[in-house]
Amino acid sequence: MGSGGFSSGSSSMASLMENGDHVPHVLAVDDNIIDRKLIEKLLQKSSCKVTTAENGPRALEFLGLGDHDRLNSLEGNISKVNLIITDYCMPGMTGYDLLKKIKESSVMKEVPVVIMSSENVPTRINKCLEEGAQMFMLKPLKQSDIKRLRCHLVNSRG
């Protein structure tokens, strides 16, 4: 929660790990195991701590926003994640639905949410951005996409 800025000097992964406070924590949500593993690898390469969830309800549960968590979760997980990245097309609850739930939560609404999709549908992209998504990215993600994410991550928690 501190406002320690990132120094992109030569600090090694080891020193980042010792100082766990400064390792950004990203929640990656995707129903496709291969996509999930890819995102996890890319984020870990960029020195992020990654938690994955295979669908929206599991992500909400992790964030303490699941239906049965509602009452006792008010402050619990506010510092748990610095960024949420979610697939748009998922069975049951889409990435858009997940985004809306997160933005409705007074505790989690400040956390940046990035939506990704393999389909480039402008109306869908606009809908997500209007609802408060930080960014919309096309899959498959590349390391350069993750670098763009890091900017949001670092600048978003000041």
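Atom CG of Leu99 sits about 5.5 Å away from atom CD of Glu131, to the nearest 0.5 Å. In this structure, the separation between CE on Met135 and CZ on Arg148 is 3.5 Å, given to the nearest 0.5 Å. Atom-to-atom distance recorded for Leu98:CG and Leu65:CG is 9.0 Å, nearest 0.5 angstrom. Taken to the nearest 0.5 Å, the OG atom of Ser105 stands 10.0 Å off from the CD atom of Glu110. To the nearest 0.5 Å, atom CD1 of residue Ile39 and atom CD1 of residue Ile146 are 7.5 Å apart. Rounding to the nearest 0.5 angstrom, the gap separating the CG atom in Asp87 from the CD atom in Glu54 is 13.0 Å.
Smallest separation of non-hydrogen atoms from Leu138 and Leu141: O-CD2, 3.6 Å. Closest of all the heavy-atom pairs between Ile84 and Val111 is CD1-CG1, 3.8 Å. Closest of all the heavy-atom pairs between Val23 and Asn82 is O-OD1, 4.3 Å. When all heavy atoms of Gly95 and Met90 are compared, the pair lying nearest together is N-CE, 4.0 Å. Closest heavy-atom contact between Ile34 and Asn32: N-OD1, 2.8 Å. The two atoms that bring Ala53 and Arg36 nearest to each other are O-CD, 3.5 Å, heavy atoms only.
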Walk me through it: do Val107 and Leu63 pass the test side chain to side chain contact (heavy atoms under 4.5 Å, CB included)? CA-CA 10 Å; Val107 183; Leu63 294 168; over 6 Å; no
Go through the steps for Met116 and Asp30 under the test side chain to side chain contact (heavy atoms under 4.5 Å, CB included), then give the verdict. CA-CA 9 Å; Met116 55 189 171; Asp30 199 316; 3.8 Å; yes
CA sep, side-chain torsions, deciding dist, call: Leu38, Lys139, side chain to side chain contact (heavy atoms under 4.5 Å, CB included): CA-CA 10 Å; Leu38 173 68; Lys139 291 160 83 172; over 6 Å; no
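Counted by atom type alone, Thr123 and Asn126 present zero donor-acceptor pairs between their side chains at under 3.5 Å.
The pair Asp145-Lys142 meets the salt-bridge criterion, since a charged nitrogen lies less than 4.0 angstrom from a carboxylate oxygen.
A donor-acceptor contact shorter than 3.5 Å links the side chain of Lys103 to the backbone of Lys109. With hydrogens and angles ignored, the 3.5 Å screen pairs no side-chain donor or acceptor of Asp31 with any backbone N or O of Asn55. Without hydrogens or angle criteria, Ser46 side chain to Cys48 main chain gives no donor-acceptor distance under 3.5 Å.
With sequence neighbours excluded, no residue forms a side chain to side chain donor-acceptor pair (under 3.5 Å) with Ser118. In this structure Glu119 satisfies the side chain to side chain donor-acceptor pair (under 3.5 Å) test together with Arg124, sequence neighbours excluded.
Transitive grouping of hydrophobic side chains (ILVMFWY, heavy atoms separated by less than 4.5 Å) brings Leu129 and Tyr96 into a common cluster.
Within the 4.5 Å cutoff, the side chain of Leu83 has no heavy atoms near those of the Gln134 side chain. Under the 4.5 Å side-chain criterion, counting only non-hydrogen atoms from C-beta, Val121 is not in contact with Tyr88.
Tested against Thr51 for a side-chain contact (heavy atoms from CB on, under 4.5 Å), the candidates Leu27, Val26, Val29 yield a single pass: Leu27.
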